[in-house]
Amino acid sequence: MKTVLTSEKDIEKAAEIIRNGGLVAFPTETVYGLGANALDGEAAKKIYAAKGRPSDNPLIVHLAQASDAEKYAYTSPLYYKLADSFMPGPITVILPKKDIVPKSVTGGLDTVAVRVPVNETARNLIKCAGVPICAPSANTSGKPSPTCADHVMHDLDGKIEMVIDGGVCDIGLESTIVKINSDNSLTLCRPGAITLEMLHEVCAQVKTDRAIEEKAEADAPPIAPGMKYRHYAPEIPVIIIDGNHECARKYILEQAEKQKCGALIYDEDIPYFQNIPYHVIGSIDDMSGAAHELFDALRAFDERKDISLIYAFMPDKSGIGLAVFNRLIKAAGFKIIRTDEE
Ligand code: AMP
Ligand code: MG
């Protein structure tokens, strides 16, 4: 299949591809999505094939407006409270699904994840298509999510009909996912740019799924099924160094004398890393910047042939830092070394 790389000028063609059961990758404020008609079970199956995604890992249904959720899911007052505060925007809400949504979209679950993107191109595509668009991130399953059209072409060229280039994604990490529980509390299933602190302002009771910080046990079904798979990972193994920043830096520099490694560092570290391959993810005081740069940096390491290991610092877990931390520990397969206990 020839993949057409184009811009928003071809939005009508893209909408037609979606209506006809094909696949289009498109920009959103979080990461690029790989979209299909969410009401067409066969089209959704093509997403799993193109990505090599396990069929029990559900897709997010993208809507033009929050109230469209009524057609596909059973909503609640708490859903509309979240919608009033955060939609359109980088939040996904898990609700009980209506029969119209095929089970191939929800990975066989009785719930459906809905999201209203704020990105103009994404919204125009959903409106033009006239159908809800189910979309996971537009990467090969297990790889870091794509934050620009180049990343999408790298993974999916020849496997999908079209890629709409809308530049670099504003946020760079996937949406925050929350589940509304029957007791009107929320469970945070995946951290993102809508932070735990922001959710607390809308709902007094927000639980955090353990799988955000810990390796899910093989037999415990996670609430967000994607959490059980190795994720966001470059080919080269990643190890996170925890502890005081100076101690961690010293540890990495010592290791670099013994082995061919690279480092994921902050602006402030640059003077120390002149003899080691590195990628910078912004200032240590700016976790939004780190979120924006993280996946691009992990992908850039994969282009290098001169290293066999990547060291990264443990990020600050407040605000969007929790999302950076969550993606990093998954990229690292939960390999963390503490340095300041000696
Ligand atoms: P992606 O952003 O590519 O990982 O795709 C969507 C993610 O949303 C999945 O991996 C799940 O973690 C989550 N998700 C989608 N639908 C549901 C659902 N019905 N229940 C729980 N989690 C969901
Ligand atoms: Mg994904």
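Predicted, not measured: the structure shown is a model, and the values here were computed from it.
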(message) Could you tell me if T92 and R190 have a donor-acceptor pair between their side chains, going purely by distance under 3.5 Å?
(response)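 On atom types as modelled, these side chains do not qualify, holding no pair under 3.5 Å.
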In terms of side-chain geometry, is the basic nitrogen of [X] or [Y] positioned less than 4.0 Å from the acidic oxygen of its partner?
X: D155; Y: R299; value: yes
X: E42; Y: K45; value: yes
X: E254; Y: K250; value: yes
X: R115; Y: E29; value: yes

Pairwise distance [atom1]([X]) to [atom2]([Y]) - rounded to 0.5 angstrom:
X: L156; Y: L23; atom1: CG; atom2: CG; value: 9.0 Å
X: D285; Y: D316; atom1: CG; atom2: CG; value: 9.0 Å
X: L186; Y: N181; atom1: CG; atom2: CG; value: 7.0 Å

Determine whether a donor-acceptor pair (N or O, by modelled atom type, separation under 3.5 Å) exists between the side chain of [X] and the backbone of [Y].
X: N326; Y: I212; value: yes
X: T176; Y: G192; value: yes
X: K335; Y: A332; value: yes

Taking atom [atom1] of [X] as the centre, report whether more than 12 heavy atoms of other residues, nucleotides or ligands fall under 6.0 Å from it.
X: N244; atom1: CG; value: yes
X: K2; atom1: NZ; value: no
X: N275; atom1: CG; value: no
X: K207; atom1: NZ; value: yes
X: H154; atom1: NE2; value: no
X: Q65; atom1: CD; value: yes
X: Y272; atom1: OH; value: no
X: K98; atom1: NZ; value: yes

With a 4.5 Å cut-off on side-chain heavy-atom distances among I, L, V, M, F, W and Y, is there a chain of contacts connecting [X] to [Y]?
X: I164; Y: I126; result: yes
X: I11; Y: L5; result: no
X: M87; Y: I133; result: no
X: I17; Y: Y32; result: no
X: I270; Y: I284; result: yes

(request) Tell me whether the guanidinium CZ or amine NZ of K97 lies under 6.0 angstrom from the six-membered ring centre of Y72 and within 45° of its axis. (result)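 Not flagged: K97 not positioned over aromatic ring of Y72.
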(request) With side chain to side chain contact (heavy atoms under 4.5 Å, CB included) as the test, would you mind laying out the steps for I240 and F325 before giving the verdict? (result) CA-CA 10 Å; I240 299 174; F325 161 76; 5.7 Å; no
(request) Just grab all the salt bridge (charged side-chain N to carboxylate O under 4.0 Å, His left out) pairs involving residues 264-273, residues at least two apart or on different chains. (result)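 Pairs touching residues 264-273 that pass the test: R249-D269.
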